[in-house]
Number of protein chains: 2
Amino acid sequence: MSRLKQISEAVRDAGSLGVAELASLTGASEMTIRRDLEVLAAQGVLERYRGGARSLLLRGSEPPFALRSDENMDAKRRIATVVADLIADGESVVLDAGTTCLEVARLLHDRRVTVMPLSLHSVNALSSSASVTLLVPGGRPRPGELALTGPLALASLEALRFDTAVIGCCGLSAEHGMTAFDLEDASVKRAAITSARRVIAAVDASKLTRTALAHVAPVSSLDAVVTDADGDDGLAAAGVTVVTA
Amino acid sequence: MSRLKQISEAVRDAGSLGVAELASLTGASEMTIRRDLEVLAAQGVLERYRGGARSLLLRGSEPPFALRSDENMDAKRRIATVVADLIADGESVVLDAGTTCLEVARLLHDRRVTVMPLSLHSVNALSSSASVTLLVPGGRPRPGELALTGPLALASLEALRFDTAVIGCCGLSAEHGMTAFDLEDASVKRAAITSARRVIAAVDASKLTRTALAHVAPVSSLDAVVTDADGDDGLAAAGVTVVTA
DNA sequence: GTGATTGAACAACAGTGATGTGCGAAACTC
DNA sequence: GAGTTTCGCACATCACTGTTGTTCAATCAC
């Protein structure tokens, strides 16, 4: 686990922590801790005060993109590989924001497909590709996540129809369906689902036990769920095709 | 001048050149030349054949973004500084693609403004800013340039109204007005001009003697031209405010 | 006022990317 | 098909960048 993540979790669990304590916890020098705290404060994870920092992470929110991006890489890669295999050459795909979908974008780099990513991270991953026809949706990028949201994003999605939507989410269960932490995100995901003929959810197993604030869609609107470990989560019983990577 | 640029010009001037000749010209090893030619071929600058490469640069087109980006940096920076000073805090700005406008984007990074850049390069330059309200237009990024074009881009521009448009161009003269190499680009620039109350052209002096294929707008639609050296180009006589950086 | 905390400057360090060399493989010429 | 050229992979080298730790003067909180 990266030191940044370690600090962010320690501060979140304790509410607030001093620089010296974090230094002895991580084994790094105090100067390094200060620099780390500065980075985390810029990401909105915590708030500096003289001598330490206090957590700003709400219970219902998720840690920022930079801290999630290198977590569970194995699972994400395996899920992304399966998703990429489900996509045929020539297809048009709308690709959700999030770290798992970013892995899918990387795997599509040399494929002959049309892709509209809903986050600038994926746009950047694909912008150097000669084989991908890249479409950028409009919108306002949310800081850190760089997910494109707002009226411009919705308008872009409404103007187009895709073969497949690849959607990540923050929570997925047979009972509550697909849920997201952010209301804006939820409406963009919904628009993406509406504008696609086939919907694939790419979800690591930790999300299958979780439910977030904003409802996106019922499981009945999903054509397939790709995940990394099978739990008895009731999805299959609800009639969804579950693929385990 | 970078070796890449040197190679690209040598091949363009000669039509085609061998690896060995390029190696002795640049002083680099043949292996390095091969790697460079691979890069340039990927950018569409030239075409490899066994033993050498043949130029693909048409006379009427411009060299790709990567080769222009570090040319005339001084002039671009000076122009960009003046342009940034013309923009007041709180303004909404639509920012054209191109290397000069990218410099403007960099200068706006810590300002309190709303910006819609028309190229992904500028989007990336601004996406880490906490003070800029960033709006991404939709569109299809042109390879290399990453300028957003097409119906999605036009729709994004039509949906919004800006205080100021900062436009770069490939040619500008009192007689032919503002011109661009690419037809798609021209229509995006036109839409940007239409959706802004004030139009600033950021143009280095080399463009003032040139005219490109696609007509964008007459000089009468420009409120100010910022350039780096004054020639007797007739712009001032045509009633345009010319600012020399 | 006093002691802890901070941030800037500098040095050491590891990681990354660019370049060159050697060699076997592929391709072109005759 | 033999000989020659060209190619690209693998590895060593080098410069550069980004990270970390140390020192010290300035700043802040009490």
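These numbers were taken from a predicted model, which means no experiment stands behind them. Here is how names work: the chains are called A, B, and so on, in the same order as the sequence lines, proteins then strands, and each is numbered from 1.
- Salt-bridge check for B:K207 with B:D204: passed, with a basic side-chain N closer than 4.0 Å to an acidic carboxylate O.
- With a 4.5 Å cut-off on side-chain heavy atoms, B:S128 and B:H109 count as touching.
- Straight-line distance from the CG atom of A:L22 to the C1' atom of D:dT20: 17 Å, rounded to whole Å.
- More than 12 heavy atoms of other shown residues, nucleotides or ligands fall within 6.0 angstrom of atom CZ in B:R142.
- Under the side chain to side chain donor-acceptor pair (under 3.5 Å) test applied with B:K76, the options B:T100, B:T99, B:D228 reduce to a single match, B:T99.
- Atom CD of A:E38 is separated from atom C1' of C:dG7 by 9 Å (rounded to the nearest Å).
- Between B:E38 and B:R35 there is no salt bridge, since none of the side-chain N atoms of the basic residue sits less than 4.0 Å from a carboxylate O of the acidic one.
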Sugar-phosphate or base contact per nucleotide [nucleotides 11-30 of chain C; S, B, -; heavy atom under 4.0 Å]: --------BBB----BBS--

